[in-house]
Amino acid sequence: MNKLSSADFRQSLLHHGRLRLRVFDWRRRAAVFSRSNEPGVLRRIYVINLDRRPDRWQRVRRELDRFRDRNDVRLSAIARRFSAVDSRYMEATPGPAVLIPRFTLADQLTVDPNPLLRIDDDSRARVIEMTKQEVAVALSHIEVWRLIANGDVPSALVLEDDVFMTYGFARDLEATWSSLTHPGTDEPDFDLLYLAFKEVGNASPVRKGDGARRLQQPGIWEASAYVLSREGARKLLDALPVYGPIDLWLNMQFRRLRAYIAARPLIEQRIDEPSTNSYSVLPVLAQVGAITREKPLLPTTKRLPGPVLAFGEQGSGLTALAVALSMLGYTCCSDLDRLPVPEGQRLLRGERGRLFNAYVNVGSLSIEVLEQIAKASPSAWFISTAADQVLPPAVHDRALRFTPEVQDKWAALSEFLNTDYPAFPYPTDRERGFRAVRQRMPLHSARNSTNLKSDIGPWILRPDSEWRGVAVETAPASRTSFVRVDWASGDKLDDSAWKLRDDTFPSNMALFTPANVSQHEGHALLTLRQEQTSVRELTSGAIASSVSYRYGNFRAELRPSGAPGLITGMFLHRNGPRQEIDIEFLGKDTSKMLVNVFYNPGPVGTRLEYGYRGTPTLVDLGFDAAADFHTYEIDWLPNTIRWLVEGEVVYERMTWDPTPIPNQPLQFNLNLWHSRSKEFAGGLAPGHLPASASIRSIEVRSTACAESNEPAVPDAIQAGRGSRPHRQAIGTTTACACSSQVPEPT
């Protein structure tokens, strides 16, 4: 599948309507199918199904059993389950003779033309790496083709395990089949017949009475239900390697295949169950500006059992377990010597109003205390990472032994908690041990601040007025891989340290181009101007670091734009998982500084991108930032983030205030952009353009950085301000002698 948009409420309503409509479809005999060895029938159905999803296999069997073949035998009798390739266990991609795990934006546009984009040298050069899920899906289909090519039936129906038959399936399939086969012959008069599809591109509209239509040009999405002949399977295998998602590649084979689609989709994919697949093209379409609408992406997980309490020996994987629970959607408090007093009291008494629903490796939760919690909270679940730890009866009946020897940790954890098996690798974070909780000291230099509306999610607390996060003692930063990168007015930006962006993101109404970064009187200028491009009517400038850093001090001396509607940004960002630390100046009121944090858990590559607004706070500056240059800093530590103005801390956040502290390598960015949201940034008057933000110096002091001269393509539409930088740059700076080994949090 290569769907380009999520189902909205209207689509969901229509989908459920089509599901319910099927009960009025009384024709259940599908004469096209037969178990008997007679000519001109379909005698085999292959269902591609993951071993860990037996529920989907059973659901497909029930769907098939709604219909009977020409001899009144249920269709499940001819169904064969194919054990799908699981992306979670793929250690290496196949050889280039079978699959090349990349394609280009031009390939995408060949199948699905976009009025904002052209097939040109740039789109041909923009390479898109397939996701692991896309690779696994492609390999699964290829193996089914081998079964058909070497099998004993002339053709077979191939189904993915999330489909259902639409109203009129049996009747319309018979009409389609008879138009493409000759009575008394065994070989069908086609190679490939789509029964589930979405027409895109320049496909001609269906007219009433149309039968199956021959496919001559690309323009069909989906490969969730199709009939493939033995000859067609051999042609596809001869055409290997596959490149790109399987439904895209099939479009490229239409010229060598006798490919058809039914007059209408006879089979559809279910949208009432969230997909665990991720689609590599989406962030690229966001980068180049083809996606112009951004929707909040919020967790849709079912209610989680809890509270969950995990304990055991140090070094037994407790920190990784805490991250794993967070990835499942738990609000997890972990690796502390004790709980904050109000939270500990509520937990011990089994009271409502707790801020967290999971507690891992908390020193104050002794076995005796855990027994009290078990008695006070009948719904509590317990996880022990120690093999020989004796558990009291009240705990033992609801406990999981989760020792380092457990091989498939996701399987054990998801079965115990009755959650879906995640699509992401199990985390491997090093142990943090017990971090000492301390009293949070007042910040005497703090400025007045106002919290704005934030996201709702499992990693954002909705605390009461007394909650101010968890203050944790922080060990001194290691200097073994200290990095210093400077740029000052009058110098040139060195392309070994800084890149100019040539992309955008959905909520940005400007396209970043290198031409909009210039130097005037020694200052670096980011200029936003009225300039028509294929995807935007405005262009602007953005600078990004060539590498991603983990912790440190990030400083810039700048003068933001004061034009209403424009936003001057200084921030750290990544996707996969999305994490971000912001300073932003809203042109409608530059007497304030907006600070923000986005947090998603998981190891690098985890496609958790929840967060649309983040957790924004407006901080009063006491002056107009657009009137002159000032120095702004983000001081990012493992357990604290501080925002500084002219060397003075004006705002800070501790862990769980209201999010955990980002802990993955982040890229340092400065940009100027125009938001689609007038409520957020204000309206933009054409008379204010062109407008510029000025930068007089940039400094990075980091304890470590992760080398990444060409960052990977972002992982979601929310790529926002973290997409691929342009290779062009404008000058020199000090060398970045950084280590690629990034230390774990202290």
Side-chain angles (χ1 to χ4, degrees), residues 310 318-327 329-344 347 354-365 427 429-443 446 449 451 454-455 457-464 466-477 550-553 572 574 577-582 595-602 608 610-611 614-617 634-643 649 651-666 703 743-746:
L318 287 164
T319 297
L321 173 58
V323 176
L325 290 171
S326 296
M327 294 166 68
Y330 280 92
T331 305
C332 184
C333 182
S334 67
D335 298 313
L336 302 176
D337 63 349
R338 57 188 172 86
L339 287 178
V341 174
E343 186 73 7
L347 180 63
R354 295 187 308 272
L355 296 176
F356 301 94
N357 57 3
Y359 309 84
V360 178
N361 194 35
V362 178
S364 58
L365 299 181
D429 295 55
R430 297 177 186 174
E431 296 288 78
R432 291 192 290 190
F434 294 135
R435 295 174 293 169
V437 176
R438 62 175 175 83
Q439 184 177 1
R440 183 169 180 175
M441 304 305 295
L443 182 60
S449 61
N451 293 328
S454 66
D455 289 322
W459 312 296
I460 300 174
L461 289 184
R462 293 290 183 179
D464 54 38
E466 298 179 358
W467 179 260
R468 300 185 62 227
V470 181
V472 178
E473 296 288 351
T474 301
R550 193 178 195 185
Y551 309 125
N553 181 272
L572 296 136
R574 72 162 298 111
R578 183 182 183 182
Q579 296 188 358
E580 187 170 335
I581 306 171
D582 292 343
V595 303
N596 204 350
V597 173
F598 294 77
Y599 176 84
N600 288 266
L608 287 172
Y610 298 135
T615 53
T617 298
I634 297 172
D635 199 25
W636 173 31
L637 301 170
N639 303 309
T640 309
I641 304 171
R642 300 187 181 100
W643 287 264
V649 180
Y651 186 78
E652 68 177 0
R653 289 188 183 181
M654 305 296 180
T655 189
W656 284 114
D657 177 23
T659 70
I661 302 298
N663 62 345
Q664 295 290 352
L666 305 179
T703 54
E744 289 300 312
T746 54

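Worth saying up front: this structure is predicted, and the values here are computed from it rather than measured.
Residues Thr319 and Asp335 bring a donor and an acceptor atom of their side chains to less than 3.5 Å of each other. Judged purely by distance below 3.5 Å, without hydrogens or angles, the side chains of Arg653 and Thr615 pair a donor atom with an acceptor atom. With no hydrogens or angles considered, a side-chain donor-acceptor pair links Gln579 and Asn663 at under 3.5 Å.
We find the OH-CG distance between Tyr551 and Leu666 to be 9.0 Å, quoted to the nearest 0.5 Å. Rounding to the nearest 0.5 angstrom, the gap separating the CZ atom in Arg550 from the CD atom in Gln664 is 5.5 Å. From Asn357, atom CG reaches atom CG of Leu347 across 11.0 Å, with rounding to the nearest 0.5 Å. Here the straight-line distance linking atom CD1 of Ile634 with atom CD1 of Ile581 works out to 6.5 Å at 0.5 Å rounding. Taken to the nearest 0.5 Å, the OH atom of Tyr651 stands 3.5 Å off from the OG1 atom of Thr617. Taking OH of Tyr599 as the start and CD1 of Ile460 as the end, the distance is 12.0 Å to the nearest 0.5 Å.
Looking at Thr331, its side chain does come within 3.5 Å of a backbone N or O of Pro458 through a donor-acceptor pair. No donor-acceptor pair under 3.5 Å is formed between the side chain of Arg578 and the backbone N or O of Asn600. Distance alone, capped at 3.5 Å, places no donor-acceptor pair between the Asn639 side chain and the Met654 backbone.
Between Phe598 and Asp582, the closest side-chain pair of non-hydrogen atoms falls below 4.5 Å. In this structure the side chain of Ile661 never reaches within 4.5 angstrom of the side chain of Pro638, judged on heavy atoms. Under the 4.5 Å side-chain criterion, counting only non-hydrogen atoms from C-beta, Pro662 is in contact with Val597. Side-chain contact check for Arg468 versus Pro442: every heavy-atom pair is 4.5 Å or farther apart. Looking only at side-chain heavy atoms (C-beta outward), Trp656 and Leu355 stay at 4.5 Å or farther from each other. Side-chain atoms of Asn361 and Ser334, non-hydrogen and from C-beta on, never get closer than 4.5 Å to each other.
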Evaluate Glu343 against Arg354 for side chain to side chain contact (heavy atoms under 4.5 Å, CB included), listing each step before the verdict. CA-CA 6 Å; Glu343 186 73 7; Arg354 295 187 308 272; 3.4 Å; yes
Assess whether side chain to side chain contact (heavy atoms under 4.5 Å, CB included) is satisfied between Phe356 and Leu339, documenting all intermediate values. CA-CA 11 Å; Phe356 301 94; Leu339 287 178; 6.0 Å; no
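Taking both residues in full, the closest heavy atoms of Phe434 and Val362 are given as CE2-C, 3.9 Å, listed atom of the first, atom of the second, then distance. When all heavy atoms are compared, the tightest approach of Gly611 to Asp455 is CA-OD2, 3.0 Å. Across Pro340 and Val470, no two heavy atoms sit closer than the pair CG-CG2, 4.1 Å.
For Arg440, the salt bridge (charged side-chain N to carboxylate O under 4.0 Å, His left out) partners two or more places apart in sequence, or in a different chain, are Glu652, Asp657.
Paired with Met327 under the rule side-chain contact (heavy atoms from CB on, under 4.5 Å), one option of Pro577, Cys332, Pro427 passes, and it is Pro427.
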